[in-house]
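All remarks here apply to the structure that follows.
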Amino acid sequence: VLRHRPYERTPKAAMDRAAAALGRAFGPSKLLVGVEACAAFGGDESLQPDVPPDAVVLAEDEDDVARALAVAAEGEVPITPRGAGTGKTGGAIPVAGGIVLATTGLRSIVEIDREELVAVVEPGVVLADFQAAVEAEGLFYGPDPNSLATCAIGGNLAENAGGPRAFKYGVTRDWVRGLEVVTIGGARLSTGRRTAKGVTGYDVTALLVGSEGTLAVTTRATLRLVAKPPAVATLLALFDDVRGAGRAVSAIIAAGLVPRCLELFDAPTLAAVRAKGVAVDARAGAMLLLEVDGDPVGCELAMERTGAVCADAGAIDVLAAQDAAQRDRLWDARRMLSHATRAMARFKVSEDVVVPRAKIPDLLADVDRIAEATRVRMLTYGHAGDGNLHVNLLWDDADDEPRVADALERLFRAVIALRGTLSGEHGIGLAKAEFLPLEQSDELIDLQRRLKAVFDPKGLLNPHKIFPRRTHGPC
Ligand SMILES: Cc1cc2nc3c(=O)[nH]c(=O)nc-3n(C[C@H](O)[C@H](O)[C@H](O)COP(=O)(O)OP(=O)(O)OC[C@H]3O[C@@H](n4cnc5c(N)ncnc54)[C@H](O)[C@@H]3O)c2cc1C
């Protein structure tokens with residue numbers, strides 16, 4: 001369950017024909033052919049083994065996307081959309097070979113409309129670049145996955161990415177007004193709207209966001225913006241242990257406070273932060289990183305109230321960042337966690353489970369129990385405000401993998417027992433496809449498979465993702 005078993009590769013004869021058709025459709029600057037030339041397009045940031053595609057189309061506009069999809073459809077070869085390759089569940093891995101359709105070359109910020117508070121962007125725009133452009137106009141786009149310096153908007157849309165600010169500002173889907181997509185059947189669809197309100201027809205935009213590149217390829221998105229909050233303040237609250245920090249999260253929410261970020265670090269995570277040279281009080285066995293925003297007076301007040309609630313909940317210390325440089329240092333420490341924890345062992349999987357917020361202490365207790373029972377090193381951090389925690393499993397020896405797989409399955413079962421969900425932001429991809437039936441009924445999975453078949457009857461667009469493996473028929 002930790003790594004996918006190999007899938008059957010696209011037959012060579014079909015791929016040779018498709019490669020010839022791609023050669024006719026695209027010049028050499030937009031086409032790579034052959035496993036060696038395409039090797040860099042076979043993996044992502046998950047534990048899933050790389051699978052190099054047979055060809056890569058480096059699309060630069062919607063016509064390129066449509067042409068690549070048409071070649072795949074005519075030749076009946078698989079095609080996998082790809083953004084920046086930072087996904088954590090193997091979504092961009094072309095498991096059956098075939099074509100990778102890279103959309104990072106569609107990288108224009110087409111428009112930022114200050115009056116309507118919308119932006120129109122192409123999928124290859126790097127999120128941090130988009131945020132910088134929007135903020136330069138005094139505006140704000142909420143979603144902030146920690147990979148923002150490298151991930152692309154197309155990948156964010158496909159995964160419905162979220163980040164620390166989701167507690168107040170929601171996830172990607174909450175910011176999408178409309179999409180332009182191309183289906184493998186060749187339809188160019190404009191879904192949704194530009195206006196603030198609109199309820200016409202089914203909400204196809206909402207269906208496409210989070211569909212992990214399995215239904216259509218995005219070529220443009222109309223995104224909602226708001227005014228940039230004039231003031232932001234960052235707080236650190238230190239606790240003896242993680243259960244104290246978990247109780248403080250519940251107390252903050254119960255007090256009606258809505259910090260824009262509410263991030264939890266457990267003791268092993270703090271050790272990773274300290275190992276990176278960030279000084280954290282030695283007494284602390286857990287930490288909350290909190291951020292509030294708004295107008296300067298409201299922000300100051302929210303900071304004081306949040307600090308007071310943390311103190312009442314048993315914080316051993318509450319510290320406020322004094323300036324932007326200190327804030328940046330704290331966030332740098334948070335953003336490097338994924339890489340820092342990865343360096344702690346030879347292998348790591350980072351889960352993104354969600355439980356009802358009041359159940360965070362139960363989940364943390366379950367994690368301790370599972371770690372002890374399976375003797376797998378586990379550490380937890382993440383978006384506690386949303387009940388969305390990254391439970392990381394670390395190991396050094398490949399022979400330990402049966403125990404890690406056991407721990408993972410126990411974790412997922414515990415999450416479902418707490419009425420949680422398997423993924424808050426990374427998606428299901430390949431990594432969690434076999435676990436989907438733990439959360440969803442056969443009927444619901446079957447309905448989704450049939451929906452996929454409406455968009456993609458032959459199962460050629462990003463095959464073998466989301467749904468559990470089966471031995472026959474299109475995925
Ligand atoms: C250090 C680190 C921190 C991270 N932190 C977070 C976090 O806080 N929150 C979070 O949500 N995620 C996080 N992630 C995961 C990852 O960055 C997100 O899932 C991101 O949205 C993926 O974007 P990408 O451009 O890299 O997509 P890719 O990995 O290239 O692709 C992801 C999926 O999107 C599909 N896709 C890509 N482009 C298109 C397109 N144009 N049309 C249709 N489908 C497309 C692919 O087929 C694939 O299924 C983190 C990853 C890393 C490495």
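Order of listing sets the numbers, starting from 1, for every ligand and every atom in it.
Both the backbone and the side chain of Ala161 come within 4.0 Å of ligand 1, counting heavy atoms alone. Both the backbone and the side chain of Ala84 come within 4.0 Å of ligand 1, counting heavy atoms alone.
Here the side chain of Arg224 pairs a donor or acceptor atom with the backbone of Asp174 at under 3.5 angstrom.
Annotation: ring pair (Phe, Tyr, Trp, His ring centres under 6.0 Å) contacts involving residues 330-355, sequence neighbours excluded, comprise Phe347-Trp395. Residue pairs meeting the ring pair (Phe, Tyr, Trp, His ring centres under 6.0 Å) criterion with at least one member in residues 162-185, sequence neighbours excluded, are Phe140-Tyr169, Tyr141-Trp175.
Looking at Gly83, Ala149, Gly90 and measuring to atom 37 (C) of ligand 1, the nearest heavy atom belongs to Gly83. The option with the heavy atom closest to atom 19 (O) of ligand 1, from among Glu159, Arg82, His383, Glu212, is Glu159. For atom 39 (C) of ligand 1, the candidate residues are Ala152, Pro143, Gly154; the nearest heavy-atom contact is made by Gly154. The closest heavy-atom contact to atom 41 (N) of ligand 1, among the options Asn462, Thr103, Val171, comes from Thr103. Between atom 51 (C) of ligand 1 and the options Asn160, Thr86, Asp352, the minimum heavy-atom separation is to Thr86. Proximity annotation for atom 4 (C) of ligand 1: of Gly163, Ser147, Ala340, Ser147 comes nearest, heavy atoms only.
Remark: ligand 1 atoms within the under-4.0 Å shell around heavy atoms of Val217 are 42 (N), 43 (C). In summary, the atoms of ligand 1 found under 4.0 Å from a heavy atom of Ser338, numbered by their order in the structure, are 1 (C). Close contacts between ligand 1 and Gly91 involve ligand atoms 47 (O), 48 (C), 49 (O) [criterion: under 4.0 Å to a heavy atom]. Distances below 4.0 Å separate heavy atoms of His339 from the following atoms of ligand 1: 1 (C). Proximity to Ala216 (heavy-atom distance under 4.0 Å) selects the following atoms of ligand 1: 43 (C). Contact atoms of ligand 1 toward Thr218: 40 (C), 41 (N), 42 (N), 43 (C) (distance under 4.0 Å to a heavy atom of the residue). Counting atoms of ligand 1 from 1 in the listed order, those under 4.0 Å from a heavy atom of Gly213 are 43 (C), 44 (N). Residue Lys88 approaches ligand 1 through these ligand atoms, each under 4.0 Å from one of its heavy atoms: 2 (C), 15 (C), 50 (C), 51 (C), 52 (C), 53 (C).
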Could you check Leu208 against Thr218 for side chain to side chain contact (heavy atoms under 4.5 Å, CB included), going step by step and ending with a plain yes or no?
CA-CA 9 Å; Leu208 292 171; Thr218 307; over 6 Å; no
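Taking the charged nitrogens against the carboxylate oxygens, Arg9 and Asp54 do have a contact shorter than 4.0 Å, which makes a salt bridge. Salt bridge status for Lys432 with Glu351: present, with a side-chain N to carboxylate O gap under 4.0 Å. A salt bridge links Glu291 to Arg327: one of the charged nitrogens lies within less than 4.0 Å of a carboxylate oxygen. Look at Arg194 and Glu111 and you find a salt bridge, because one of the NZ, NE, NH1 or NH2 atoms lies within 4.0 Å of a carboxylate O, short of that distance. A salt bridge is absent between Arg165 and Asp293: the closest approach of a Lys/Arg side-chain nitrogen to an acidic carboxylate oxygen does not fall below 4.0 angstrom. Between Asp366 and Lys359 no salt bridge is recorded (no basic side-chain N to carboxylate O distance below 4.0 Å). Between Lys30 and Asp64 there is a salt bridge, since a side-chain N of the basic residue sits under 4.0 Å from a carboxylate O of the acidic one.
No N or O atom of Glu45 sits closer than 3.5 Å to an N or O atom of ligand 1. Any N or O atom pair closer than 3.5 Å counts here, and Ala158 shares no such pair with ligand 1. On a distance-only criterion, His390 and ligand 1 share no N/O pair closer than 3.5 Å.
Ligand 1 lies nowhere less than 4.0 angstrom from a heavy atom belonging to Lys465. Contact between Asp44 and ligand 1 is absent, with no heavy atom of the residue lying under 4.0 Å from the ligand. For Pro164, the closest heavy-atom approach to ligand 1 does not fall below 4.0 Å.
For the pair Arg469 and Tyr7, the cation-pi test (distance below 6.0 Å, angle within 45°) is passed.
Classification of the Phe412-Phe435 ring pair by plane angle, with boundaries at 30° and 60°, yields perpendicular.
Nearest to atom 20 (C) of ligand 1 among the protein's heavy atoms is Asn156 ND2, 3.6 Å. Gly85 N, 3.5 Å is the protein heavy atom nearest to atom 28 (P) of ligand 1.
Around atom CZ of Arg107, no more than 12 heavy atoms belonging to other residues, nucleotides or ligands sit under 6.0 Å away.
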